[in-house]
Amino acid sequence: MEIPNILTILRIILVPVFIIFIWYNLPVHALITFIVAGLTDALDGYIARRFKQETQLGKILDPIADKTLLISAFIFLFNSKLPIKLPFWFVVIVISRDIYILAGSFLIYILKGYLKVKPSIFGKATTFFQIISIVYVLVSNIDISLYNEHLFYTILGLNVLFLALSTLTYTYDGLIQVNSKKNF
């Protein structure tokens with residue numbers, strides 16, 4: 001097995017560890033776990049591209065690992081006993097968008113027999129602000145004096161903006177694929 005795939009599997013293994021730390025109100029441990037998981041994501045991609053170790057398994061596991069970590073973080077940071085949490089409306093928006101994109105991807109695959117996934121700049125910005133929101137909540141729970149409500153809702157607002165833009169971009173790209181007569 002290639003090193004990038006091992007790092008991706010490690011990230012998947014870190015998800016329940018992260019959840020346990022949130023459940024037991026250990027935001028420092030959760031933050032460290034989240035950072036380590038993020039580092040494995042950066043490393044697996046770098047190593048795979050740099051040393052030409054990209055595999056079909058890695059292409060499948062990497063986004064699963066990423067989404068599992070992010071969605072788990074959103075759900076458990078909302079349901080935690082920590083004083084600063086993600087709001088319910090925000091968690092619903094994030095998860096609904098992911099379900100929408102997954103359902104659309106499945107539909108395109110059923111209709112066309114293939115799916116061409118093209119990451120957008122808005123999708124990357126969405127992921128960036130999702131990570132920032134998780135880190136901000138964890139850091140604020142470590143030191144409550146760092147919490148600023150205006151900053152918190154600005155971060156969430158930027159999340160929603162890029163969620164909307166990426167959803168529109170992916171919808172447009174999906175419609176192009178469905179209406180295309182050629183295979184990508």
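Owing to the predicted nature of the structure, the values given are computational and were not obtained by experimental measurement. Counting from 1, the numbers follow the sequence of the chain as shown.
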Side chain to side chain, Ser133 and Phe152, heavy atoms closer than 4.5 Å: no

**Backbone N/O of Ser120 and side chain of Thr169: donor-acceptor pair under 3.5 Å** = no

For the pair Trp23 and Phe76, name the ring-plane relationship: parallel under 30°, tilted 30 to 60°, perpendicular over 60°. perpendicular

Discussion item. Can you tell me if Lys118 has over 12 outside heavy atoms packed within less than 6.0 Å of its NZ?
Written reply: no

- Kindly indicate whether the side chain of Asp41, heavy atoms from C-beta on, has any atom under 4.5 Å from the side chain of Thr8. no

| query | Is there side-chain contact between Pro27 and Leu82, with at least one heavy-atom pair below 4.5 Å? | reply | yes

Side chains of Ile95 and Ile75 in contact at under 4.5 Å (non-hydrogen atoms): yes

**Request:** Using a cut-off of 6.0 Å, state whether more than 12 heavy atoms not belonging to Leu146 lie near its atom CG.
**Result:** yes

Check whether more than 12 heavy atoms from other residues, nucleotides or ligands sit under 6.0 Å from atom OH of Tyr153, and answer yes or no. yes

- Are any of the side-chain heavy atoms of Glu2 and Ile47 separated by less than 4.5 Å? no

| task | Could you tell me whether the side chain of Ser180 and the main chain of Ile176 form a donor-acceptor pair under 3.5 Å? | result | no

- prompt: Do Arg11 and Thr68 get their side chains close enough for a donor-acceptor pair, meaning under 3.5 Å?
  reply: no

**Request:** Kindly indicate whether the side chain of Leu156, heavy atoms from C-beta on, has any atom under 4.5 Å from the side chain of Val160.
**Result:** no

For Asp44 and Leu7, indicate whether the former's side chain and the latter's backbone hold a donor-acceptor pair under 3.5 Å. no

- Message: Take a 6.0 Å sphere around CG of Leu57 and say whether it holds more than 12 heavy atoms from other residues, nucleotides or ligands.
- Response: yes

Whether the side chain of Asn141 engages the backbone of Val137 through a donor-acceptor N/O pair (distance < 3.5 Å, no angle test) should be reported. yes

* Asked: Going through the checks in order, is the side-chain hydrogen bond (donor to acceptor under 3.5 Å, both in side chains) test met by Thr171 and Tyr100?
  -> CA-CA 9 Å; Thr171 300; Tyr100 172 80; 2.7 Å; yes

Hydrophobic cluster identity match, Leu31 and Phe128, side-chain contacts under 4.5 Å
yes

Q.
Strictly distance-based, threshold 3.5 Å: is any side-chain N or O of Asn159 a donor or acceptor partner for the main-chain N or O of Gln130?
A. yes

query: So Phe78 and Phe88, ring-ring contact (aromatic ring centres under 6.0 Å, His included) or not? Walk me through it.
result: CA-CA 7 Å; Phe78 164 72; Phe88 178 70; 5.4 Å; yes

Would you say the side-chain atoms of Thr55 and Asn5 include a donor-acceptor pair closer than 3.5 Å?
-> yes

| request: Could you check if a side-chain atom of Phe34 sits within less than 4.5 angstrom of a side-chain atom of Ile131, using non-hydrogen atoms only? | output: yes

Contacts satisfying side chain to side chain donor-acceptor pair (under 3.5 Å) that involve residues 71-95 (not counting sequence neighbours) are none

